[in-house]
Amino acid sequence: LHQDVHSFPTRRSSDLICMANKVALITGAAGGIGTAIAEKLKSEGFDLALNVRTVKPQFKELVERLSDENCHVQVVLGDIARAEDCKRMVEEVIEEQGQIDVLVNNAGITKDKLVMQMSEADFEDVITTNLNGAFYLSKYVSRYMMKRRSGRIINMASVVGLHGNAGQANYAAAKAGLVGMTKSFAKEFASRNILVNAIAPGFIETPMTEKLTEQVKDKIKAEIPLGKIGEPSDVANLTAFLAGDESRYITGQVISVDGGMNI
Ligand code: NAI
């Protein structure tokens, strides 16, 4: 793994002097929404730190595609469910890029089951990844953001965290927890100019949702006022807005990207 990551170009400390770009750390960057966010933030002029657990060929291609003279791309390997990995990843980005302007807590998992079939491990795994992971990273990143009195944290919640869903008690609890955590962090960090918001996607076409049958997808579509499933870029566009200067007076909000499901 570590050999893999070292095959990507790294920035030497002497290069730091000419750094101008803001730096965004994105978790779960190989996923549908994470990749779209990486692409969008690159187009907005960010340097990137992309977190994955393992480097697969498709991700290698993504890194090669995104890296150029205007965009430094760092790969940070780690499991966000482990506090020690989160701490190390933040330190690696600070060491290589000198700063983290934006943290996008995007990585997430589902383990859908009806309550009667849901094991304690199914519950705990989903909470640990989706909720604890965002806490660990926000905690470690905020230390550096506080010193600079500037930063953005964007948490990927879900419509399921707002409304609940049969078969997703673990996921709904984690995403609802993220909403409460977003508002608390926002209040705690506002005086340091660190803005913390959450996005609540509805139903977005990604590897997470592609395993659903056409029949289930049709049923979901019928509940979406705009009548269609969203694309990862729909979520990435809002992420870029929340990461940029134009959202400087917005904090503690949960914004839906769901074709109207939350009306
Ligand atoms: P995805 O499954 O395509 O991507 C998630 C990524 O997170 C994967 O690359 C996965 O390897 C990574 N990941 C999972 N556990 C990890 C861990 N412990 N450490 C590091 N990385 C880990 O899913 P998608 O659809 O792109 O989802 C992104 C976020 O958006 C998730 O938080 C998800 O809950 C949320 N979301 C997605 C919706 C959808 O309809 N696709 C709807 C609402 C929310």
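All residue numbers in this chain count up from 1 along the given sequence. Counting starts at 1 for both ligands and their atoms, in listed order.
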key: For atom 24 (P) of ligand 1, the option (of Val235, Thr206, Thr54, Ile37) bearing the nearest heavy atom   = Thr206
ask   = If you measure only the distance, is there a donor-acceptor pair under 3.5 Å linking the side chains of Asn21 and His72?
value = no
ask   = Of the backbone atoms (N, CA, C, O) and the side-chain heavy atoms from C-beta on, which set of Ala157 has a member under 4.0 Å from an atom of ligand 1: side chain, backbone, both, or neither?
value = backbone
query = Taking the minimum heavy-atom distance to atom 23 (O) of ligand 1, which of Met208, Met89, Lys211 ranks first?
reply = Met208
inquiry  = Give me the nearest non-hydrogen protein atom to atom 19 (N) of ligand 1 as residue plus atom name, then the distance to 0.1 Å.
reply    = Ile80 N, 3.0 Å
key: Glu188 atom CD: more than 12 heavy-atom contacts under 6.0 Å   = no
note = Per-atom filter on ligand 1: closer than 4.0 angstrom to a heavy atom of Asn106 are 28 (C), 29 (C), 31 (C), 32 (O)
request  = Could you tell me whether the side chains of Ser150 and Asp101 share a donor-acceptor contact shorter than 3.5 Å?
outcome  = no
ask   = What is the nearest protein non-hydrogen atom to atom 14 (C) of ligand 1, stated with its residue, atom name and distance?
value = Arg53 NH2, 3.3 Å
query = When you look for heavy atoms under 4.0 Å from ligand 1, do you find them on the side chain of Thr129, its backbone, both, or neither?
reply = side chain
message = Quiz question: by atom type and distance under 3.5 Å, do the side chains of Thr182 and Asn155 form a donor-acceptor pair?
response = yes
ask   = Given that the side chain starts at C-beta and the backbone is N, CA, C, O, which of these parts of Asn51 lies under 4.0 Å from ligand 1, counting heavy atoms, or is it both or neither?
value = side chain
query = Applying a strict 4.0 Å limit to heavy atoms, is Gly78 in contact with ligand 1?
reply = yes
task = Using a 4.5 Å cut-off on heavy atoms from C-beta on, say whether the side chain of Glu92 contacts that of Ile94.
result = no
key: Sub-4.0 Å atoms of ligand 1 with respect to non-hydrogen atoms of Ala30   = 9 (O)
request  = State, yes or no, whether a side-chain contact exists between Ile194 and Arg152 at a heavy-atom distance under 4.5 Å.
outcome  = no
query = Looking at atom 40 (O) of ligand 1, what's its closest protein heavy atom, distance included?
reply = Ile204 N, 2.8 Å
Heavy atoms from other residues, nucleotides or ligands near CG of Asp218 exceed 12 (cutoff 6.0 Å) = yes
Considering all heavy atoms, the nearest Leu131-Ala174 contact = CD1-O, 3.9 Å
inquiry  = Could you check whether Asp68 pairs with Lys42 (Lys NZ or Arg NE/NH1/NH2 to Asp/Glu carboxylate O, under 4.0 Å)?
reply    = yes
inquiry  = Below a 4.0 angstrom heavy-atom separation, can you tell me which part of Lys175, side chain or backbone, both or neither, approaches ligand 1?
reply    = side chain
key: Contact check, side chains of Asp258 and Pro201, non-hydrogen atoms, under 4.5 Å   = no
request  = Would you mind listing which atoms of ligand 1 come within a distance below 4.0 Å of any non-hydrogen atom of Gly32?
outcome  = 3 (O), 26 (O)
task = May I ask whether Gly202 places a heavy atom under 4.0 Å from ligand 1?
result = yes
message = Give the atom numbers and elements of ligand 1 that come within less than 4.0 Å of a heavy atom of Phe203.
response = 40 (O)
ask   = Who gets closest to atom 43 (C) of ligand 1 by heavy atom: Gly28, Ala107, Gly108, Pro201?
value = Pro201
ask   = Short list, please: which atoms of ligand 1 are under 4.0 Å from a heavy atom of Ile109?
value = 14 (C), 15 (N)
note = Nearest non-hydrogen protein atom to atom 37 (C) of ligand 1, with distance, is Ile33 CD1, 3.8 Å
task = Considering heavy atoms of the protein only, find what lies nearest to atom 34 (O) of ligand 1 and give residue, atom and distance to 0.1 Å.
result = Tyr171 OH, 2.5 Å
message = Return the closest protein heavy atom for atom 9 (O) of ligand 1 as residue, atom name and distance.
response = Gly31 N, 3.3 Å
message = At less than 4.0 angstrom from any non-hydrogen atom of Asp79, what atoms of ligand 1 do you find?
response = 17 (C), 18 (N), 19 (N)
task = For atom 30 (O) of ligand 1, find the nearest protein heavy atom and state the residue, atom name and distance (0.1 Å precision).
result = Met156 CG, 3.3 Å
message = Checking contacts here: is it the side chain or the backbone of Thr209 that comes within 4.0 Å of ligand 1, counting heavy atoms only? Could be both or neither.
response = side chain
key: Carboxylate-amine/guanidinium proximity below 4.0 Å for Lys219 and Glu223   = no
ask   = Is there a donor-acceptor contact under 3.5 Å linking the side chains of Asp112 and Gln168?
value = yes
ask   = Between Thr128 and Asp125, does any side-chain donor sit less than 3.5 Å from a side-chain acceptor?
value = no
